[in-house]
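Worksheet for the structure shown next.
Chain naming here is simple, since letters A, B, ... match the order of the sequence lines and numbering starts at 1 in each.
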Protein chains: 4
Amino acid sequence: MEKTAEKRLKQPKPAKGSDDEAKKASENREKILSTALTLFTERGFFGTPTSLISKEAGVATGTLFFYFATKEELIDTLYRRIKSEAAQAMCRNFNTEKTALAKLRRIGYNAIEWGIENPAKQKFMEQFAHSSFVSTTAHEEGMSHFLFLQDLVRDGIREGSIRDIDPGLLFCMMASSFSGLIARAYAEKDPSLRERLVNEGLDFIFNGMKA
Amino acid sequence: MEKTAEKRLKQPKPAKGSDDEAKKASENREKILSTALTLFTERGFFGTPTSLISKEAGVATGTLFFYFATKEELIDTLYRRIKSEAAQAMCRNFNTEKTALAKLRRIGYNAIEWGIENPAKQKFMEQFAHSSFVSTTAHEEGMSHFLFLQDLVRDGIREGSIRDIDPGLLFCMMASSFSGLIARAYAEKDPSLRERLVNEGLDFIFNGMKA
Amino acid sequence: MEKTAEKRLKQPKPAKGSDDEAKKASENREKILSTALTLFTERGFFGTPTSLISKEAGVATGTLFFYFATKEELIDTLYRRIKSEAAQAMCRNFNTEKTALAKLRRIGYNAIEWGIENPAKQKFMEQFAHSSFVSTTAHEEGMSHFLFLQDLVRDGIREGSIRDIDPGLLFCMMASSFSGLIARAYAEKDPSLRERLVNEGLDFIFNGMKA
Amino acid sequence: MEKTAEKRLKQPKPAKGSDDEAKKASENREKILSTALTLFTERGFFGTPTSLISKEAGVATGTLFFYFATKEELIDTLYRRIKSEAAQAMCRNFNTEKTALAKLRRIGYNAIEWGIENPAKQKFMEQFAHSSFVSTTAHEEGMSHFLFLQDLVRDGIREGSIRDIDPGLLFCMMASSFSGLIARAYAEKDPSLRERLVNEGLDFIFNGMKA
DNA sequence: TATGAATGAGGCTTCATTCAT
DNA sequence: GATGAATGAAGCCTCATTCAT
């Protein structure tokens, strides 16, 4: 009985009874998470007092700690979630493409699109990519979603569609180029110009990659 | 007053007394700056108490505040210095090159070399590139050293040596690619392999840029 | 309201519904009290959050406050109960003895036996004997069970069986000696050695008391 | 140089320069210690916020933590000091006595006198004798001052001046009797009556101990 | 110039208690 | 009766900064 009571504590409630209950139960939790996302990206981890998060989220200070035992646990949860969401968005039907190069380009396109549409999450990911506030396990979990990309690069090299250079380097530069591209494209508010920038950027990157 | 303190930096003190005094006086200031560089990159701005900086630098807490009115002024000074040093290193005889593309490649090579040889400074620059701890004026001053690069890109396009795409985009992606390249190359400790990585990376970038 | 809750304790609920209900209703109350006893002795009053008590007792946080309006009321109830139980145990057929000295010795023996057999309660009594967490009225109520001892000491002096010294002093020293004796005897796990210790201790005390 | 600076930090200052400096430097430290002593005995450890200690001591909150890294370190320091002071007071020329019994009685007398004259310290010692707020090492250090008493008891038994019972028990009961005696004697404000109580109490205890 | 004791606002977290279900 | 999410005051501790020496 104790165990049961304990487990219930921190789970998003398994929808016992009506959906309304479950939804309402985690409403505060979600408010806290989304507020934290905004504030962390705007002001950094140490620059954002938990008191500010709870105030902006419209809950009491204690409520934040009811859902997240520590500030670290809050940012960790956020990190895992966003990494996972990004990975999922990135993979949207990339497997319909034939070559590894085409697959990568599709993935890149997806990533950029998602980054532009979710600027706060994008900034969050960049900001905390190597941060020590995020636990090692969360970093590893986040990383795991992206490991297949390295394989894809290797496949491309084997296929001959991708230039034969150090796959780690390629991956590293591709990733950082995407960051730069997203930053620049996001600054451009006109949709068609932005679309053009994205394509130019992808050309730039994949020109460099072609065998 | 801030300005005064700062100016002292590069003027080895007019005369007044002996040179020894001046040298000795600046010694503590330099110890503080170099300690702060290490600690800020390792632990971030808020993660580094001024008391830790002064302890590690081997001076009293009051001494730090004698040289730098606030913690912000300390990081600002560091930022200006490092940006300026990086810019200078980057430009090492780039003008001997003929085309804009070649100049850029030379600059890129210099930048990467400096980044690998000064990892703390490199990390510091990346970490605080968009940070709000650094004053706007310091950011602008830092930026100013690099504006000529945009012009160089434009020149290259005009010349026909560089692909005709949005110069801002090109600049952005080039810069971020360099970051990725430095990160990867720094991880490689063998000098000749590292050299090869750097060249492969530059090829990657400049293949994408070529007209 | 406090009083009402308290009275419920010893009155197994008049009628109203079945006995089962009453029994079940009190079950949680008892679980809370016994859990609190253990935790308070192990960790002190402030060291024991009510949330821990309710968790270990296997009830919800709200349930504790249904039975005890405040944390103070909980410890107060515990205190009254234990004091009363101790007093009762102490008095087990002491009146069969003839002299005041013999009565006191019997009482002492009972007290020590009870203390050894109920270590948590014994510790609780010592810990909160002068504590401000327990209300003054509870302290007075607790004290009242033991006042007759002072009279017994006085009787003994009058009878000539007890040495003529300040009764308050005698009482005080007797009580504290018992504490010391219980502590030492409890540490001895072998029953017969323990019995010997108890008797040696009683001899020590009553040698000093004899006229 | 760093090391030097570090060591200086928490030491009571080795009287470098004039005595005035040293005295003044630790004035706040002493105020904090004596205030904490009073408050801890009156309200317990958890019942005494550090903010109250600093307020009553007339210093800022930060000052307390400048001298004592944690609340635990504060109580630990207090504990060590008081235990050591008590031990010293207790031993005042006890060696002029001949038999172990006489030595113990002299020690007892000293202890009681000190306890009456330093009621706060006496209460503190009793209250935190087995407390978990005080570190194990401090407990051990405190205990070490009193170990010779057990030997003295054993000597007395060997000599034949002390009754042959479990030395641990004797020690335990003696110690707790002293507590009771001090408590009772302290309540008596008239000096000559108090003196009489003390002697009666000692008679009580040492009557019980005599062979 | 250099020191380091002193300050106090502010940060993270705990916990007794309430209340709608 | 029972639940557990929600509250917010209060606790411990940190740290940028000041100032007398």
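Both D:Glu72 and B:Lys71 lie near DNA chain F, and the one whose nearest nucleotide falls closer to the 5' end is D:Glu72. Position along DNA chain E of the nearest nucleotide to C:Gly47 versus A:Thr48 favours A:Thr48 as the more 5'-ward residue. Residues A:Leu64 and B:Gly62 both approach DNA chain F. Their nearest nucleotides, taken by heavy-atom distance, put A:Leu64 toward the 5′ side.
At the phosphate of F:dG1, neither OP1 nor OP2 sits under 4.0 Å from any side-chain N or O atom of C:Asn28. Checking the phosphate oxygens (OP1, OP2) of E:dC12, a side-chain nitrogen or oxygen of A:Thr50 falls inside 4.0 Å. In this structure, C:Ser51 does not reach the E:dC15 phosphate: none of its side-chain N or O atoms is under 4.0 Å from OP1 or OP2. Distances shorter than 4.0 Å separate some side-chain N or O of C:Thr63 from OP1 or OP2 on F:dT3.
Summarising the geometry, the separation between NZ on B:Lys55 and C1' on E:dA5 is reported as 16 Å, rounded to the nearest angstrom. Atom pair B:Phe45:CZ and E:dG11:C1' shows a separation of 16 Å (rounding to whole Å applied). Distance CZ (D:Phe66) to C1' (E:dA9): 19 Å, rounded to an integer number of Å. Whole-Å rounding puts the D:Phe46 CZ to E:dA16 C1' distance at 15 Å. At whole-Å resolution of the value, CD1 in A:Ile32 and P in F:dT7 are 9 Å apart. Here the C1' atom of nucleotide E:dT13 and the CD1 atom of A:Ile53 are 13 Å apart, to the nearest Å. Across the protein-nucleic acid pair, B:Phe68 atom CZ and E:dT1 atom C1' stand 14 Å apart, rounded to whole Å. With rounding to whole Å, D:Ile75 atom CD1 is found 17 Å from F:dG11 atom P.
Among the nucleotides E:dT14, E:dA16, F:dT17, the one closest to the side chain of B:Thr70 is F:dT17. Taking the side chain of A:Ala60 as heavy atoms from C-beta on, and the options E:dA2, E:dC12, F:dG8, the nearest nucleotide is F:dG8. Here the nucleotide nearest the side chain of D:Thr61, chosen from E:dA6, E:dG8, F:dA16, is E:dG8.
Scanning all heavy atoms of the two residues, the minimum distance from B:Ser54 to B:Leu64 falls at N-CD1, 4.2 Å. Minimum interatomic distance between B:Phe40 and B:Lys71 (heavy atoms only, all atoms of both residues): CE2-CE, 4.2 Å.
D:Phe46 is not listed as a side-chain neighbour of C:Phe45, based on a closest heavy-atom distance of 4.5 Å or more. Within the 4.5 Å cutoff, side-chain heavy atoms of A:Leu33 are placed close to those of A:Phe68.
Below 30°, between 30° and 60°, or above 60°: for B:His139 and B:Tyr79 the angle between ring planes is above 60°, a perpendicular geometry.
Base pairing of F:dG4 is made with E:dC19, judged by Watson-Crick or G-U wobble geometry with both donor-acceptor distances under 3.5 Å.
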